[in-house]
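Note sheet for the following structure.
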Amino acid sequence: MTDAIDPLFPAHLQHVQALADRALEREGYDGLVVYSGRPGLHFLDDHGPAFKANPHFLHWAPLQEAPDCFVRYLPGRRPQLVFHQPADYWHKPPAVPTAAWTREFDLTVIREPAAARGLLDAGNRRLACIGELPAEFAEWGFSATNPAGLLSYLHYHRAAKTPYELACMRQASRLGAVGHVAAEKAYRAGASEFEVHQAYCSAVGLREQELPYGNIIAFGEGAAVLHYTTLGRRRDVPRPTFLIDAGAQFRGYASDITRTHIADAAGTDPTFLELMAAMEMLQLELCAAVRPGFDYRQIHLLAHRLIAGALVQEGVVSGCTAKQAAENGVSSVFFPHGIGHLLGIQVHDVAGLAADDSGRTEIPRPTGHRYLRLTRRLEPGMVVTIEPGLYFIDLLLDEAQKSGLGRYIAWDVVRRLKPYGGIRIEDDVACSASGTPENLTRDAFAQIV
Ligand code: GLY
Ligand code: MN
Ligand code: MN
């Protein structure tokens, strides 16, 4: 796999450099320093959360576990990688990278962060620095730290992936698919939510801290909690459904995958089975809409119309048409989140609402849809998730009852279906110049069975 991805890195780095060239010129800087970051500590403790590298740093170099490292870039010159390998006998210092991608950098190893100062110095040039800088770097002479205009430019353009990034995301998808298959097997063998989670991590070969987000693994009513990360330890709990939202990471790039399974069709309420089938069909229809130039907000609104259609068709909603249910707020009682988001180095990748690369204007969400994370038109290379959901959430059902929307809800059907919790199906889909979307998730599942 690495053999196929490595040759794509030089062109990726050239693209990253070209973005930096344009951003620096527009914002009036002569060069860029990107700092990887430093692990923090918990309050009053000498231990801290797992280290997470600055995403800008990962855009340049696939070094997820390397604190106090720097990339320095002056337009027209080879980028420089200052790699911190401390002299430390308490922890194992990170190994100096030797992979093929390192050939694109001038690499210098330092033993302590302060040694970077002289290496980063660029005389009278105006250097912009991106990163969460410790106070001790304050006097290092950067002209600006995290200037908004520079960040806005880089964030906006990071949405469209290079072939290298797409290759990394395909691999992250394959890892995720392997984990999902192992997790389903564990569920069917009677494992607890926690044990399913362990089966997932083992199959993917990642520690929890290496996952792109905390696994959501829910049986039955837990599936109605959008971000259910409790991981119950008991096996002897109701488990008519199994919702798993779990991804993986490869070279800093994420996958974000959700599947919903039923324990057995024969023992499942026929209405719930119909809803499962309807969600599968409509999810595929939504994935097909990931085309260049398409307004992502329209995919979100289409999802509401289709989910409303399924709710009316199956008698969960009555007394109004599907179109009315999508407009009067009823569909939002059952589908209360956005249809998806940009995906990349960050799971909810940046600049989803940006109107352009200036950072000055946002594209508004459709009225009443405050959780939608992406409002841009789709461009070739963008990777987005398509994750329609349908849930039975007490809090929202109670609110609907109070607001008057309850008259459209068939409460007897809802009571019957509540033990199933809900349904979410989530794929990662790349927008392609050809017009035919690439479904990274479905391709990954197809490759491993
Ligand atoms: N796993 C978080 C999300 O689907 O957005
Ligand atoms: Mn997602
Ligand atoms: Mn997800």
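Just so it is clear, the model here is predicted, and its values are computed rather than measured. Just so you know, ligand 1 is whichever comes first in the structure, and atom 1 is the first atom listed for that ligand.
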Subject >> Metal site the Mn ion (ligand 2): N/O/S of His341 inside 2.8 Å >> reply: yes

**OP:** Heavy atoms only: give me the nearest Pro67-Ser36 pair and the separation to one decimal.
**Re:** C-OG, 3.4 Å

Original post:
Between the main-chain N or O of Ala99 and the side-chain N or O of Thr102, is there a donor-acceptor pair closer than 3.5 Å?
Top reply: yes

Subject >> Proximal ligand 1 atoms for Glu426, defined as those under 4.0 Å from one of its heavy atoms >> reply: 4 (O)

Original post:
Are Arg188 and Phe242 in a cation-pi setup, meaning NZ or CZ lies under 6.0 angstrom from the ring centre and within 45 degrees of the ring axis?
Top reply: no

Subject >> Under 3.5 Å donor-acceptor, Glu193 side chain and Gly232 backbone >> reply: yes

Subject >> Structural part of Val347 in contact with ligand 1, heavy atom criterion under 4.0 angstrom >> reply: neither

Original post:
Do any N or O atoms from the side chain of Arg26 and from the backbone of Gly149 form a donor-acceptor pair under 3.5 angstrom?
Top reply: yes

Original post:
To the nearest 0.1 Å, how far is atom 3 (C) of ligand 1 from its closest protein heavy atom, and which atom is that?
Top reply: Asp256 OD2, 3.4 Å

Original post:
Protein N/O/S atoms under 2.8 Å of the Mn ion (ligand 3)?
Top reply: Asp245 OD1, Asp245 OD2, Asp256 OD1, Glu426 OE1

**OP:** If the plane angle is over 60° it's perpendicular, under 30° parallel, otherwise tilted; pick one for Trp101 and Phe105.
**Re:** perpendicular

Original post:
Of all the heavy atoms in His337, does at least one lie under 4.0 Å from an atom in ligand 1?
Top reply: no

Original post:
Between the side chain of Arg377 and the main-chain N/O of Gly293, is any donor-acceptor distance below 3.5 Å?
Top reply: yes

**OP:** Within a distance under 4.0 Å of any heavy atom of Tyr213, pick out the atoms of ligand 1 and give their elements.
**Re:** 1 (N)

Subject >> Element-labelled atoms of ligand 1 that are located less than 4.0 Å from some non-hydrogen atom of His348 >> reply: 2 (C), 3 (C), 5 (O)

Original post:
Using the ring of each side chain (for Trp, its six-membered ring), is His59 parallel, tilted or perpendicular to His12, with breaks at 30° and 60°?
Top reply: perpendicular

Original post:
So, are Arg376 and Asp356 salt-bridged, with charged N and O less than 4.0 Å apart?
Top reply: no

Original post:
Is the closest heavy-atom distance from His341 to ligand 1 below 4.0 Å?
Top reply: yes

Subject >> Lys/Arg N to Asp/Glu carboxylate O, Arg170 vs Asp443, below 4.0 Å >> reply: no

